Structure formats: structure tokens, C-alpha cells
Amino acid sequence: MKETEVKPVVLTSDKTGKEFKFASRCEAAKFLGVGYSYLKPYLKNGRGHLVKKGYYVELLPQEPVKVNALFY
């Protein structure tokens, strides 16, 4: 099974400046009603402007994952 990186994304509205944060790029694409492949070129440099959709899109730095597990 291939591991993929889950990268958080923030969408900022052109008109209102309101921010929408998503846990993954796929969730942001679903919110916009497009496929992930539509966002891919805009996120190549870490950020981009979706003129037709009216949003700026930006990758957020991934927070380190902390695992608290007890093994018996």
C-alpha cells in the first residue's frame, strides 16, 4: 500500500476575506466542487489564486503527529 501525505489547506475568499481550513487537499477540492487534479497546479508552489472560483488557496505547514500509545 502506498503512503500519501495529507497536507492541510486553507482557502481564502476574494470578496470577504473569510478563511476555510481543510485537513486535506481532497476535502478542499470537494468544497469547491472540483477534482483534486484541478487544485494540483495551483498548489505546486504552495499557493495560488483560483480566479474563476474566487479563492486563494495555500498549503499549510504540516504539524508533527504525536502518538500516545500504550502497549501491554
Side-chain angles (χ1 to χ4, degrees):
M1 181 152 61
K2 183 179 174 184
E3 285 189 35
T4 57
E5 291 183 41
V6 177
K7 296 182 180 180
V9 174
V10 65
L11 294 174
T12 308
S13 174
D14 284 351
K15 296 176 184 174
T16 63
K18 188 173 182 180
E19 291 186 347
F20 300 94
K21 294 182 182 179
F22 298 93
S24 70
R25 297 169 285 185
C26 290
E27 287 180 17
K30 287 178 187 177
F31 173 79
L32 292 169
V34 297
Y36 166 70
S37 59
Y38 180 83
L39 286 181
K40 209 171 186 181
Y42 294 99
L43 294 173
K44 193 172 189 176
N45 296 326
R47 67 173 306 163
H49 185 205
L50 305 165
V51 177
K52 291 182 180 178
K53 296 292 182 180
Y55 287 96
Y56 285 96
V57 62
E58 183 176 359
L59 285 175
L60 295 175
Q62 190 172 12
E63 296 179 15
V65 177
K66 296 180 182 178
V67 176
N68 294 328
L70 296 174
F71 296 100
Y72 295 99

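Everything numeric in this text was worked out from a predicted model, so none of it was measured.
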Check: Which of these, L11, V10, T12, sits in a side chain to side chain contact (heavy atoms under 4.5 Å, CB included) with Y55?
Finding: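 When side chain to side chain contact (heavy atoms under 4.5 Å, CB included) is applied between Y55 and each of L11, V10, T12, only L11 qualifies.
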
Next item on the list: Determine, using the 4.5 Å side-chain heavy-atom cutoff (strictly less than), whether F31 and L50 are members of one ILVMFWY cluster.
Entry: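 Per the 4.5 Å side-chain linkage, F31 and L50 are co-clustered.
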
Note to self: For residues V34 and L43: do they belong to one hydrophobic cluster (side chain heavy atoms under 4.5 Å, members Ile, Leu, Val, Met, Phe, Trp, Tyr)?
What the structure shows: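 Hydrophobic grouping puts V34 with L43.
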
Check: Who else is in the cluster with Y56 when I, L, V, M, F, W and Y are joined by side-chain contacts under 4.5 Å?
Finding: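 Hydrophobic cluster check, Y56: no partners found.
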
What is the minimum heavy-atom distance between [X] and [Y], and which atoms define it?
X: E27; Y: A23; answer: OE1-N, 3.5 Å
X: L39; Y: R25; answer: CD1-O, 3.7 Å
X: P8; Y: P61; answer: CG-O, 4.1 Å

Notebook entry, point to check: For the atom pair CG (L60) and NZ (K7), what is the distance rounded to the nearest 0.5 Å?
Noted result: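 Going from CG on L60 over to NZ on K7, the span is 11.5 Å.
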
Show me the donor-acceptor pairs within less than 3.5 Å that the side chains of residues 14-21 make with the rest of the protein, sequence neighbours left out.
unit_1: D14; atom_1: OD1; unit_2: H49; atom_2: NE2; d: 3.2
unit_1: D14; atom_1: OD2; unit_2: H49; atom_2: NE2; d: 2.9
unit_1: T16; atom_1: OG1; unit_2: S13; atom_2: OG; d: 3.4
unit_1: T16; atom_1: OG1; unit_2: K18; atom_2: N; d: 3.2

Notebook entry, point to check: Mind checking what makes side chain to side chain contact (heavy atoms under 4.5 Å, CB included) contact with K52, not counting sequence neighbours?
Noted result: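 With sequence neighbours excluded, K52 shows a side chain to side chain contact (heavy atoms under 4.5 Å, CB included) to Y38, given in chain and number order.
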
